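Throughout, a chain's letter reflects where its sequence line sits, starting with A, and its residues are numbered from 1. For clarity, every value in this text was computed on a predicted model and none was experimentally measured.
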Protein chains: 2
Amino acid sequence: LLYEQVAGEIESQIQNQTLSPGDRLPSVRQMSRAQKVSISTVVQAYIHLEQKGLVEARPQSGFYVKPQGFQLPEPDTKKPHFKSTSVSIGDVISSIFGAAREKDIIHLGAACLSPELYPSKKLNRLTSQVLKETPLHSAQYDMPPGYLPFRKQLAKRMLHSGAKVRAEDIVTTAGAMEAITLALKVCTRPGDTVMIESPIYYGTLQVLQSLGLKAFEVPCHPRTGVDPDEVRALLKKEKVKAGLFIPNFNNPVGSLMPDENKKSLVQIFSEKEIPLIEDDIYGDLTFSSQRPSTLKRYDNDDWVITCSSFSKTLAPGYRVGWVISKRFQEQLEREKFISTVATASLPQYILNQYLADGGYDRHIRHLKDVFSQQIHRVSDTICQNFPKETKFTRPLGGFVLWVELPKHIDSVKFHDQALQKGVSVTPGVVFSARGSYKNFIRLNCGNLWSPEIERALKKLAQMAHGME
Amino acid sequence: LLYEQVAGEIESQIQNQTLSPGDRLPSVRQMSRAQKVSISTVVQAYIHLEQKGLVEARPQSGFYVKPQGFQLPEPDTKKPHFKSTSVSIGDVISSIFGAAREKDIIHLGAACLSPELYPSKKLNRLTSQVLKETPLHSAQYDMPPGYLPFRKQLAKRMLHSGAKVRAEDIVTTAGAMEAITLALKVCTRPGDTVMIESPIYYGTLQVLQSLGLKAFEVPCHPRTGVDPDEVRALLKKEKVKAGLFIPNFNNPVGSLMPDENKKSLVQIFSEKEIPLIEDDIYGDLTFSSQRPSTLKRYDNDDWVITCSSFSKTLAPGYRVGWVISKRFQEQLEREKFISTVATASLPQYILNQYLADGGYDRHIRHLKDVFSQQIHRVSDTICQNFPKETKFTRPLGGFVLWVELPKHIDSVKFHDQALQKGVSVTPGVVFSARGSYKNFIRLNCGNLWSPEIERALKKLAQMAHGME
């Protein structure tokens with residue numbers, strides 16, 4: 001492809017050091033004239049280089065060659081296993097997280113943001129407004145499917161991901177994990193197999209375990225997520241009752257499935273008439289200017305069930321999420337009633353007002369700037385301090401890094417030692433039903449950068465050097 | 001027994017009309033002197049007559065013979081079945097409740113209160129206070145087991161039911177149904193059998209169905225709940241993994257297990273080391289001056305798991321409940337995380353403040369007065385208008401009536417017809433895993449009495465007369 005040629009030329013200039021770290025690339029217009037290609041080709045080329053981690057975009061300024069120190073490699077994608085496995089990770093997880101909840105710890109474990117990053121002031125102002133306008137909000141159950149004006153706002157926001165959905169097909173939930181549980185409940189029974197990507201958020205694995213479901217893992221590429229061809233091949237190996245993927249900024253690897261792959265994935269599942277659940281909780285947190293597509297966008301045959309929440313963007317303490325499906329709407333509504341009867345009314349009213357007032361997009365832009373900066377800082381600190389066998393991801397959104405430590409390091413022991421030194425990390429084993437990723441850790445970059453965090457990272461680096 | 005003799009004498013005076021409806025019984029002291037029995041014997045006799053529905057206590061005034069019109073009998077207790085049954089009532093229920101959610105209907109179906117009966121004003125005032133004092137409340141997950149000061153308040157309130165529990169043994173939840181689900185999850189697996197009372201709240205049956213559990217029903221006496229001897233006998237018939245009862249004001253029959261029976265029930269389950277789940281959501285809503293005991297009170301060996309919420313007393317829209325168990329605390333905490341990650345923080349902060357400020361007891365006293373009045377009014381209307389084969393309960397707390405219509409009436413058809421006339425009722429079949437109670441309906445008395453409600457009840461009466 002033309003853009004790849006353009007990108008390849010620049011890449012070789014970086015490699016032979018014609019272009020040095022910190023150098024600014026020619027502007028898109030200049031490049032277009034010089035290479036006699038269209039502007040959009042140059043843009044594609046630059047984005048491609050950015051995604052490869054060779055250059056970085058600086059807002060209002062252009063693209064710059066990244067510092068060399070940044071060049072520790074990315075983790076490799078695992079080879080697939082060809083069958084499902086039962087899930088039993090509950091005990092590991094609770095022993096890990098029990099210890100990590102103490103207050104005096106630098107939290108690089110759980111995927112949480114600094115509280116200051118949420119728009120609490122505005123939400124509190126809106127709360128006072130809601131108290132005045134609907135003083136009886138707490139005196140009634142807001143029965144499933146949930147508060148209609150809020151669901152209309154959610155339907156509107158889905159347009160940003162290219163998906164047209166009706167408010168009637170949305171059921172509000174107590175956060176995204178309830179949404180995912182409901183989605184799994186309507187399409188599986190205990191003993192069934194669910195195809196998931198690997199690594200995947202441990203909460204998802206706990207839900208599978210709790211519902212008595214087996215996991216059929218597909219390796220997730222750290223940039224592009226699962227490979228549809230591999231998915232297609234693996235689906236032939238075993239009867240699968242549902243798929244469950246995080247197409248936008250998989251937690252923990254930060255991958256983003258290209259649109260073509262999303263489209264293929266939806267096609268594959270639709271052809272086989274298998275429900276395809278997407279967890280889109282990080283979708284809004286892209287580092288690029290374009291909000292990525294949901295699988296729902298390509299869901300012509302209504303097999304995709306979209307789950308999400310505002311816990312990573314607006315208010316984790318509100319516990320508000322949602323699940324979207326036309327085909328399964330009635331069953332989802334029923335399972336929601338059985339699960340927790342209704343979603344709390346006040347937070348739905350507040351969030352509805354927040355979305356209606358505008359300002360969400362501005363808030364998200366701010367978050368993204370903070371996250372991409374923090375990820376760069378943590379990445380730099382890793383490159384400068386960790387053993388040189390270390391590998392780590394270049395996430396394209398979200399706020400976590402997935403770090404592969406030298407092979408001999410057992411990350412559960414690493415976690416235990418780190419905790420004794422006052423730092424929490426999440427060991428890789430909890431992100432797989434098979435106990436893979438023994439030498440991986442996930443680092444949370446959602447906390448505002450501080451000298452404490454830098455010191456914490458250097459402690460981790462020291463530990464990694466010391467563990468032989 | 002002596003008190004039965006005293007009661008029997010009065011009863012015959014009522015029957016031969018020496019004592020007429022509206023007459024005041026002699027004071028306890030007078031009666032004690034006249035009959036030469038102890039004061040406590042007279043008190044027992046009067047309470048016995050009250051429970052039989054022959055006399056009624058009027059606060060600050062004494063006991064009065066009840067109006068004759070009130071004398072439609074109570075429903076009989078069913079004979080037990082000797083084995084468990086699988087549960088599949090989901091479809092019936094959702095078809096029923098879908099229709100009943102419309103706005104212009106007189107809601108005698110769902111067990112809901114008039115919104116004005118909740119202390120919204122005070123809760124809203126406390127909300128403003130919380131927003132000021134903890135402006136970042138929404139910006140953090142309040143991780144399980146939940147907000148400690150709130151759990152301390154809950155532990156304190158448990159003392160009113162005679163139970164000493166530690167705040168550390170309480171996990172807060174998104175309402176009582178989540179609490180019950182978590183409790184069942186920690187002691188059962190799909191396919192297991194749970195002993196429940198019959199009739200029982202349909203939400204409980206839906207949860208059993210959703211978890212793939214079988215129900216082993218024990219008949220519930222309309223005044224005294226399940227009979228411990230019967231429980232003991234039935235436990236010999238089949239392997240049971242948990243018991244689940246509503247000892248205080250069973251929904252729908254309003255029964256209250258006597259303390260001796262509660263004690264025996266706990267003993268029976270403790271001896272067999274079977275977890276015993278109690279749903280205490282109506283426990284505070286007693287019509288007597290004494291808050292009834294929880295099973296937890298008698299739980300010396302730590303087999304009781306207590307579940308409850310404030311949805312029937314303070315704020316259904318908040319979705320806050322809790323589950324109490326020392327033995328299963330860790331597992332409950334873990335299952336809570338898997339279910340909905342965390343309980344919303346704001347409502348826990350508000351409710352904590354509400355309990356700390358006092359005034360809950362006063363609020364409850366007010367609710368009880370309203371409910372007992374409304375139940376009397378609905379009861380009178382039934383007696384004056386329904387077919388004379390009708391039977392109904394004399395609940396000792398809560399706000400629902402359980403009505404046995406003439407045998408030939410199919411209550412699902414009755415429900416459908418009522419809905420067409422703008423009135424919702426809950427048909428009896430949804431309160432049993434076996435589809436029993438075909439000619440029963442549950443009437444909600446939680447709405448403030450109004451001419452509309454009276455008209456609605458008369459419509460129901462007319463329909464009952466008309467259905468041949």
Self-check item: Heavy-atom proximity to chain B below 4.5 Å, by part of A:Y202
Solution: side chain
Quiz prompt | Heavy-atom side-chain proximity of B:S345 to A:Y318 below 4.5 angstrom | solution = no
Quiz item: In terms of heavy-atom pairs under 4.5 Å, which option from B:A315, B:G321, B:A110 contacts chain A the most?
Solution: B:A315
Quiz item: Quick one: of A:E330, A:H137, A:K132, A:E335, who has the most non-hydrogen atom pairs under 4.5 Å with chain B?
Solution: A:H137
Quiz item: Any idea which heavy atoms bring A:I338 and B:Q206 closest together, and the distance?
Solution: CG1-CB, 3.7 Å
Practice problem: Mind checking the SG-CE spacing from A:C112 to B:M143? Nearest 0.5 Å is all I need. | Solution: 6.0 Å
Quiz item: Counting a contact as any heavy-atom pair under 4.5 Å apart, which residues of residues 113-121 of chain B contact chain A?
Solution: B:P115, B:Y118, B:S120
Quiz item: How many angstroms lie between OG in A:S138 and CD1 in B:I350, if you round to the nearest 0.5 Å?
Solution: 8.0 Å
Exercise. Can you measure from NZ (A:K185) to OG (B:S210) and round to the nearest 0.5 angstrom?
Key: 2.5 Å
Quiz item: Can you tell which of A:S128, A:A174, A:G175, A:A176 has the highest number of heavy-atom pairs within less than 4.5 Å of chain B?
Solution: A:A174
Practice problem: May I ask you to check whether over 12 heavy atoms, not counting those of B:K122, lie within 6.0 Å of atom NZ? | Solution: yes
Quiz item: Which pair of heavy atoms, one from B:N124 and one from A:P135, lies closest together, and at what distance?
Solution: ND2-O, 2.9 Å
Practice problem: Taking all heavy atoms of A:T340 and all of B:R319, pick out the closest pair and write down the distance. | Solution: O-NH2, 3.1 Å
Quiz item: Considering only heavy atoms, which portion of B:T204 lies under 4.5 Å from any heavy atom of chain A: side chain, backbone, both, or neither?
Solution: neither
Self-check item: Interface residue of largest heavy-atom contact number with chain A, from B:A344, B:P347, B:G212, B:A179, under 4.5 Å
Solution: B:A344
